[in-house]
Protein chains: 2
Amino acid sequence: MATSTVENYLKHILLLSEAGAAGALVPMGGLAAALAVVPGTATTMAKSLADAGLIEHRPRHGVRLTAEGRRVALNVLRKHRLVETFLVNVLKMDWSTVHPEAERLEHAISDEVLDRLDALLGHPATDPHGDPIPSAQGKLSTEVHATLATCATARPLRVVRVTEQSAEFLHFAEKNGLAPGATVRVTGRNLTAGLVTVKKNAGRPLALSLAAAGKILVTPVRG
Amino acid sequence: MATSTVENYLKHILLLSEAGAAGALVPMGGLAAALAVVPGTATTMAKSLADAGLIEHRPRHGVRLTAEGRRVALNVLRKHRLVETFLVNVLKMDWSTVHPEAERLEHAISDEVLDRLDALLGHPATDPHGDPIPSAQGKLSTEVHATLATCATARPLRVVRVTEQSAEFLHFAEKNGLAPGATVRVTGRNLTAGLVTVKKNAGRPLALSLAAAGKILVTPVRG
DNA sequence: AGATTCATTTTGACTAATCAAAATAACCGT
DNA sequence: ACGGTTATTTTGATTAGTCAAAATGAATCT
Ligand SMILES: [Mn+2]
Ligand SMILES: [Mn+2]
Ligand SMILES: [Mn+2]
Ligand SMILES: [Mn+2]
């Protein structure tokens, strides 16, 4: 069985490669940063993961998951996101606090428990943050969404995902009605000032930095 | 934070000391066996737990939990048994398979999740095996029960606890109507042959070894 | 009491995971 | 094509946890 450490490396390689261009190598620097280890540690680990056939390591360039590594990573990610969903939907925990819990639980639950959680929750497609939950068959939705920093202005939008796990940001998003499911409109965007203004249906306008706006993924409201 | 290893050592010291005489030292041999490590490993660990103030180590004699060690051990045991209860009552898993799951989950859930599970389950007093769940305040029921090997014969009894976690034995107990809640009577007991015969209300008699019978704890049926 | 047995501790070695700091290779701008 | 900047890898050391096997102490049995 893969250790928690190995699972974390694989999961983060998956997340970083999903974030980057298709087929691109994940550089060691980014991986080390994501795992909060020093670069040399990531290199050492990369060598051993490559020996185990879980990743492909192009020295000095980066790493990529093998088919087997991807399978393991998707399983861990599925556990992570289903656990978050369970903690919020069943235990009624706040969506801003469940990430660190899931970070540990993802390594502790069996596939059997995973399946039962999935059934209990009604086979959800996304977790409380709108992050897609890999299917039992290992399919991970790659649907690409606009963000408050890039979407069309003036038209009504539905928030579908918040790509940040810090409690601070999640609290802020919730407090300001920017949690998944909410409806908003972008009323202004100033690229040079790096500022985005949004408005809730009947609310006061809210200003966001481009960086913050880029973390709120939206889709045009059907209608 | 205590590592999983430390938590396991403390939990097993607690279980062994509850099993033995009050105030008695837990010998290293038993501890090593319970943890499935070689005796030297247990000794090494005992020294470091003693340094951390979690146990008292009388070299060549055994170990005992300090107040702080007991507090940690009870918290882990509470997590273990509440997790087992959750897995059986909510996820509908078989009582014979939940122990190994809980063995890992007990180290992964926070006190926050623990409290919410406890509330979700309605503050249960015992887990699916009848094992008492330590209270949030750290009280562990020490109620002592008769077993099928020691109880009065002929009179109707209620099974209250099964003190074995192997799937084999639990399966056997369930298949033969000896799970907690069941009603039985001891129809015969031959100490020299080491055999106990029990009968379910309207069932065929069942023969058990004294060793097996000693693992089924019972209480006289109120009437 | 003395010798034997048994449990416990010690010693030396190993694996997984990590860091600090030095060495090295790739990249980039001129 | 060269030199400098930056990312990556190497090297040497550390910590937690473990085992095998030798050494030691406690207990038991004549
Ligand atoms: Mn994790
Ligand atoms: Mn999430
Ligand atoms: Mn455990
Ligand atoms: Mn139990």
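Because only heavy atoms are used, hydrogens play no part in the values below, and waters and symmetry mates are left out as well, while side chains stay in. Chain A is the first sequence line, chain B the second, and so forth, proteins listed ahead of strands; every chain is numbered from 1.
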Quick check: does any side chain N or O of H12(B) sit under 3.5 Å from a backbone N or O of N8(B), one acting as donor and the other as acceptor?
yes

Using rotation axes that map the C1' atoms of four end pairs onto the next four (five pairs an end), what angle separates the end axes of the helix from dA1(C)-dT30(D) to dT30(C)-dA1(D), to 10°?
0°

Determine the minimum heavy-atom distance between W95(B) and P128(B), stating which atoms define it.
CE3-O, 3.4 Å

Check this for me: does any side-chain nitrogen of one of R71(B) and E68(B) sit under 4.0 Å from a carboxylate oxygen of the other?
yes

Dump every N/O contact between nucleotides 1-6 of chain C and the protein below 3.5 Å, one line per pair.
none

Donor-acceptor pair, distance only, cut-off 3.5 Å: does the side chain of T150(A) make one with the backbone of A146(A)?
no

Identify each donor-acceptor pair in which a side-chain atom of residues 35-63 of chain B lies under 3.5 Å from a protein atom, sequence neighbours left out, and give them as a table.
residue : atom : partner : partner atom : Å
T43(B)  : OG1  : P39(B)  : O            : 3.3
T44(B)  : OG1  : G40(B)  : O            : 2.9

Tell me: CG of L35(B) to P of dT8(C), nearest whole Å?
14 Å

Side-chain (R161(B)) to main-chain (L217(B)) donor-acceptor, under 3.5 angstrom
no

Tell me, which of residues 38-50 of chain B have any heavy atom that sits under 4.0 Å from an atom in DNA chain C?
P39(B), G40(B), T43(B), K47(B)

Indicate whether any N or O donor in one side chain lies under 3.5 Å from an N or O acceptor in the other, for E164(A) and S166(A).
yes

Starting at CG of L77(B), measure out to CG of L140(B) and round the result to the nearest 0.5 Å.
6.5 Å

Those residues of residues 3-17 of chain A lying under 4.0 Å from DNA chain D by at least one heavy atom
none

Name the first nucleotide and the last nucleotide along DNA chain D (5' to 3') that come under 4.0 Å of a heavy atom in chain B.
dG17(D) to dA27(D)

Treating D94(B) as the side-chain partner and S96(B) as the backbone partner, does any N or O pair qualify as donor plus acceptor under 3.5 Å?
yes

Does anything in residues 21-33 of chain A come within less than 4.0 Å of DNA chain D? Heavy atoms only, and list the residues if so.
P27(A), M28(A), G29(A)

Is the backbone N or O of I109(B) less than 3.5 Å from a side-chain atom of K79(B), with the two atoms forming a donor-acceptor pair by type?
yes

Is the shortest side-chain N to carboxylate O distance from E106(B) to K11(B) below 4.0 Å?
yes

If we only count heavy atoms from C-beta on, is the S110(A) to R104(B) side-chain gap below 4.5 Å?
yes

Q165(A) versus H99(A), side-chain donor and acceptor atoms under 3.5 Å:
no

Between E18(A) and R70(A), is there a side-chain N and carboxylate O pair less than 4.0 Å apart?
yes

How would you list, by chain and number, every residue that makes a side-chain contact (heavy atoms from CB on, under 4.5 Å) with E143(B), sequence neighbours excluded?
S141(B), H145(B)

By ring pair (Phe, Tyr, Trp, His ring centres under 6.0 Å) - contacts of H107(A) (at least two apart):
none

DNA chain C contacts among residues 53-62 of chain B, heavy-atom distance under 4.0 Å
H57(B), P59(B), R60(B)

By ring pair (Phe, Tyr, Trp, His ring centres under 6.0 Å) - contacts of Y9(B) (at least two apart)
none

Only distances under 3.5 Å count here; give the side-chain donor-acceptor pairs of residues 116-127 of chain A to other protein atoms, sequence neighbours excluded, each with its distance to 0.1 Å.
residue : atom : partner : partner atom : Å
R116(A) : NE   : E112(A) : OE2          : 2.7
R116(A) : NH1  : L91(B)  : O            : 3.0
R116(A) : NH1  : K92(B)  : O            : 3.1
R116(A) : NH2  : E112(A) : OE2          : 3.0
D118(A) : OD2  : R78(A)  : NH2          : 3.1
D118(A) : OD2  : H123(A) : ND1          : 2.8
D127(A) : OD1  : H129(A) : N            : 2.7
D127(A) : OD1  : G130(A) : N            : 3.2
D127(A) : OD1  : D131(A) : N            : 3.0

Can you check whether C151(A)'s main-chain N or O pairs, donor with acceptor, with R189(A)'s side chain at less than 3.5 Å?
yes

Tell me if a side-chain donor or acceptor on N190(A) pairs with a main-chain N or O of T192(A) at a distance below 3.5 Å.
yes

